[in-house]
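The structure under discussion appears below in the form of structure tokens.
Both counts, for ligands and for their atoms, begin at 1 and track the order of listing.
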Amino acid sequence: MRAIDIIYKKKRGEAHTREELEFWVKGICDGTIPDYQLTAWLMLVCMNGMNFEETAILTELFAKSGTILDLSDIADYILDKHSTGGVGDKISLILIPLMAACGGKIAKLSGRGLGHTGGTIDKLESISGFNTGLSIDEFKKQVKDIGCALASQTTDLAYADKKFYELRDVTGAVDCLPLIASSIISKKVASGANVIVLDVKCGDGAIVKTKAEAEELSNLMVEVAKRLNRSITAVISSMEEPLGHNIGNSLEIIESVEVLKGRGPKDLVDLTFELGAVLLTKSHIAENKEAAIELMKQRIKDGSALEKFRELIKCQNGDDSCIDDYSKLPQASIIKPYVAQKSGYLKRIKALEIALACKLLGAGREKKTDEIDYSVGIILNKKVGEKIEAGEKLLDICANDESKIALAENMLKNAFEIVEEPTKPEPLIYKIIG
Ligand code: URA
């Protein structure tokens, strides 16, 4: 079998056999198939798709390309959560310690930024010393000892997805449903969880833009997971405006800590509770949604969720003093307000434009070898539905370079829609599947 024949086959829009996909994934993992051939194939998959059978096989091969963890000796229910990616989406940073504080065992494998969306691993690495590259033994031990771990795929888990993911990020191959499904579900299968909630983002700042596409992706992931003996629930949530106020790596750590201190913005808190309630009820920690939300509120109020985050940071060699003193996190040297040009009500904050402005400031990668600037980003001062006066601050730009501020400001010109009549934000949750 030759790599070029696999590429030609996808070019003709034909479906791959299991043997072909095995050859392909093995070649990518052992380096015998180079990045440029993978790039060509990824683009052909974006254009010509993959059927359900191919997607399920690719998912299985991704999962099997590394160790598949067995955490059944730790607890009957091992929880996990994954998002399809959004702007200002820092829920994992909050939910993982919160679930552990509620008595759950949660084992989370995360990724770096993908396309315009941020990645939990990049955010965590803005904490000085934080080790995201846990070995499998360390990952397991930590879940056993403190109830939670947050690691990247540098461990031997879903190794093939890591290779594909890095290239997809920089080659325009992100918004492809079968590739998203195999990427996410393989990591969920590999990390050994059996109670899984997926936050499927939908809207301007999401990888998938329409409700119809989000439903299609959700159904695909639920079915692929079923085929691999995993039960998952997909929560479709709005990503029309950024989640919370802070966008950017260290800025999102700060806002997550604020939520754990009981001072989080409503949309971020509500979605965290919605996803947490699925995990707590499915693992029988809480009897119903109301009891689950009450338990989460309690664990935030009594400080145990925040203490769990501290424990997680310490266990992974991070400097936990950033929880008490945000100046210990990377700081931008320039803070520049961006103001409204006219008065009215904020109808839209386009999450994509905000994300692209952050990327221009240096918060994300253009090439896979790029270094990111952990300190830069945007702090929104207003959310959709709020009244605004001309000249009032819409956001702060946090930057380290004047020339990048000019680029970001240019991008932000189209990010806000201000209207005369009062408006309301989109509902946060559209649908729950599975
Ligand atoms: N998150 C992932 O892990 N993979 C994707 O493809 C998209 C979001």
Side-chain angles (χ1 to χ4, degrees), residues 25 28 38-39 41-43 45-46 49-50 54-56 58-63 65-66 80-93 95-96 107-124 132 150-155 157-191 193 196-203 205-209 213-214 216-222 224-225 228 230 232 234-237 239 243 252 275 351-352 355 364-365 368:
V25 172
I28 300 301
L38 176 56
T39 304
W41 182 84
L42 286 170
M43 198 45 64
V45 172
C46 286
M50 283 201 301
E54 289 174 287
T55 309
L58 190 69
T59 308
E60 182 193 325
L61 296 174
F62 276 5
S65 66
D80 198 357
K81 169 265 171 190
H82 205 92
S83 157
T84 55
V87 182
D89 178 9
K90 53 205 65 88
I91 296 229
S92 294
L93 298 167
L95 193 69
I96 276 49
K108 170 94 178 92
L109 272 188
S110 283
R112 297 188 181 279
L114 187 66
H116 68 275
T117 67
T120 303
I121 292 302
D122 291 331
K123 293 169 200 179
L124 283 169
T132 55
L150 248 168
S152 73
Q153 289 154 276
T154 47
T155 52
L157 296 171
Y159 177 68
D161 172 59
K162 181 171 163 11
K163 305 279 285 181
F164 282 61
Y165 190 100
E166 281 173 356
L167 260 195
R168 284 171 58 212
D169 181 30
V170 288
T171 58
V174 171
D175 54 347
C176 169
L177 304 196
L179 293 178
I180 300 171
S182 44
S183 167
I184 292 180
I185 303 301
S186 64
K187 286 192 284 265
K188 301 305 97 184
V189 169
S191 65
I196 303 166
V197 67
L198 299 180
D199 181 6
V200 180
K201 301 277 184 209
C202 163
I207 295 176
V208 294
K209 307 291 178 199
E213 242 187 332
E216 192 184 336
L217 177 61
S218 300
N219 285 319
L220 179 62
M221 291 197 285
V222 168
V224 168
L228 299 174
R230 295 296 191 284
I232 64 163
V235 174
I236 305 180
S237 70
M239 184 32 72
L243 203 49
E252 295 194 35
L275 298 168
L352 181 58
R365 295 178 186 80
K368 74 178 189 178

Using side-chain contact (heavy atoms from CB on, under 4.5 Å) as the criterion, list what pairs up with A225, not counting sequence neighbours.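 Once residues adjacent in sequence are excluded, the partners of A225 under the side-chain contact (heavy atoms from CB on, under 4.5 Å) criterion are I185, R230, I232.
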Could I get the full list of side-chain contact (heavy atoms from CB on, under 4.5 Å) partners for A214, not counting sequence neighbours?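 Per chain and number, A214 pairs via side-chain contact (heavy atoms from CB on, under 4.5 Å) with V200, C202, V208, I236.
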For residues K81 and S92, is any side-chain donor paired with an opposing acceptor at under 3.5 Å?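 Yes, S92 and K81 have a side-chain donor paired with an acceptor closer than 3.5 Å.
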Checking K188 now: which residues fulfil side-chain hydrogen bond (donor to acceptor under 3.5 Å, both in side chains) with it, not counting sequence neighbours?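 Only D80, H82 meet the side-chain hydrogen bond (donor to acceptor under 3.5 Å, both in side chains) criterion with K188.
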Compare every heavy atom of T171 with every heavy atom of M43, then report the nearest pair and how far apart it is.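 Looking at all heavy atoms of both residues, the closest pair is CE-O, 3.0 Å.
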Would you call K187-D161 a salt bridge at under 4.0 Å N-O?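 Here K187 pairs with D161 in a salt bridge, since their nearest N and O are under 4.0 Å apart.
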Does ligand 1 have any N/O atom under 3.5 Å from a protein N/O, and what are those pairs and their distances?
| from | atom 1 | to | atom 2 | distance (Å) |
| --- | --- | --- | --- | --- |
| ligand 1 | 1 (N) | H82 | NE2 | 3.4 |
| ligand 1 | 3 (O) | H82 | NE2 | 2.9 |
| ligand 1 | 3 (O) | S183 | OG | 3.4 |
| ligand 1 | 3 (O) | K187 | NZ | 2.5 |
| ligand 1 | 4 (N) | S183 | OG | 2.6 |
| ligand 1 | 6 (O) | R168 | NH1 | 2.8 |
| ligand 1 | 6 (O) | R168 | NH2 | 2.8 |
| ligand 1 | 6 (O) | S183 | OG | 3.4 |

